[in-house]
Amino acid sequence: MKKILIIEDDKFLRELLGKKLSSLGYNAVLAVDGEEGIEKIKSETPDIVLLDLILPGINGFEVLEKAKKDPAINEVPIIILSNLGQSEDIEKGLRLGAKDFLVKAHFTPQEIVNKIQMFLN
Amino acid sequence: MENLDQEIEKKEQELRKIRSAFLNILEDTEEAKNQAIEERNKTLAIINNFSDGLLVLDNENTVELISPSVEILLKQDEDNILGKSVFKLSSKELNLRPLIDVLKKKKEIYRKEIEIDGNLLLEVSSSSFDFGEKKGTLVIIHDVSRDRLVEKMKTEFVSIAAHQLRTPLSAIKWSLKMILDGDVGKINPEQKDLLEKTYYSNERMIGLINDLLNVTRIEEGRFLYKPEKMQLEGVIVNALQDFEETIKMKKVNVRFEKLKKLLPPVIIDEEKMSLAIHNLLDNALKYTVSEKGEIAISLEEKEDSIIFKIKDNGVGIPKNQHQRIFTKFFRGDNVIRMETEGSGLGLYTTKNIIESHKGKIWFESDEGKGTTFYFSLPYKV
């Protein structure tokens, strides 16, 4: 079973996505902020990470930077899933090593799952 | 004797003439001097009241003249500036190094931004002058710290506002979609119909926020983010793909009449150009309702530019509204009732995008018969 880590501070969004993924046979692991996110990338070794950018404490960009600098986890693919979406943010995210940048309001849960499947294959 | 008298008389007359000539010259000189003083006072008054910092350097780069605002901008007294080499300027409170480095590098600078410290951002221009005997450089310093601060605050505000508004809308979108997809159990057709309508209202709201974001960014003037050389055909094909479902649903016949040969590439910001084409295509689809709906997109080459054309046989634009078509929040009288979706920002945004590519946009329209929009993009920008 593929393991997906969702780093998202909004409870409702986190649970919706978790539910969708579980119903499709994924193992969804949840983290509510950047600190917990980093920790779980290490301890849970997920197959893919969905990362929000505006988070309490360390933000998503910092999580991304930390993850990419740590040789133990820098291979884990990270997809940014945020409601930021200006060119500067997208460029920064991709430059820091994110696989893709999805604007939450522009994707349905199914479309997000499709993206995940694409990267897992 | 008589001869001598005559001679004297003659000389005296000559002398008188010379005297009056001298007096004339003297008068002229006096007048010229007064004029020069007046000119000088005028120039000084201009310099003294100039809100920008102004430095006049001689050809050895010694500061000859400054406007009072230089003292305020550089936090330094006149005595420590005048008569010194501009490269040796210093201030206890500020690090003037970045400014000096720029001035050393080039004689002619046009509105170069220099960050002195976190709070002081200067825009510097300089140009050399040569009045024959008098050579030197004129340096103008303009304080843009406040402008930049306001711009930064605005960008941050827009970005945060967009984020804050999008988050609850995402939650609505996701949950509605999951219910509609049957992820949490079966729903009956009536429920489905209602939820679908709610879903599209929510999509509209998301779209509106995007439009507002785009408008704000256009008005910030830095909308062309990534100009690249590419084929316009590709952008059109991608846009058509994005509308595939809508086109199928609307049962409108949409054709892209490609030319046999590939046109030369143009310099465009793909994201923005795609937005412009999306807007035009979206309008054509929205306002072409008949069963025999036809939309044709084509490209044409003019000697120095490429022309994009999108022709529909839709409802058209009433003649008396042709003038206002590109203004912000404009919506045609004939479509407000028919098609409630639309922010009145699409064509405004599109025009701005085309113009920031140094292109032109125009249209032809007959109410009831259809509309054709054109835009041209120059090959050389």
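Naming: A, B, ... by sequence-line order, numbering from 1 per chain. Note that these values count all heavy atoms, side chains included, but never hydrogens, waters or copies made by symmetry. All figures in this text were calculated on a predicted structure; none of them were measured in a lab.
At a heavy-atom cut-off of under 4.5 Å, chain A is reached by B:R166, B:T167, B:S170, B:A171 from residues 165-172 of chain B, listed in order of number. For a heavy-atom cut-off of 4.5 Å, chain B lies close to A:I54 in residues 24-55 of chain A. Within residues 101-121 of chain A, the residues approaching chain B closer than 4.5 Å by heavy atoms are, in numerical order, A:V103, A:K104, A:A105, A:H106, A:F107, A:T108, A:P109, A:Q110, A:I112.
Separation of atoms NZ (B:K177) and CG (A:L16) is listed at 14.0 Å; rounding is to 0.5 Å.
Looking at B:D183 and A:K20, a side-chain N of the basic residue comes within less than 4.0 Å of a carboxylate O on the acidic one, giving a salt bridge.
With a 4.5 Å cut-off on non-hydrogen atoms, B:N210 touches chain A through its side chain but not through its backbone. Contacts between A:L81 and chain B at a heavy-atom distance below 4.5 Å involve the side chain alone, from C-beta outward.
Residue B:K112 places its NZ atom among 12 or fewer non-hydrogen atoms of other residues, nucleotides or ligands, all under 6.0 Å distant. Counting non-hydrogen atoms of other residues, nucleotides and ligands closer than 6.0 Å to CE of B:M205 gives a total of 12 or fewer. Counted within 6.0 Å of NZ on A:K99, heavy atoms from surrounding residues, nucleotides or ligands total 12 or fewer; the atom is thus considered open.
Considering only residues two or more places apart in sequence or on other chains, B:F243 meets the ring-ring contact (aromatic ring centres under 6.0 Å, His included) condition with B:H278.
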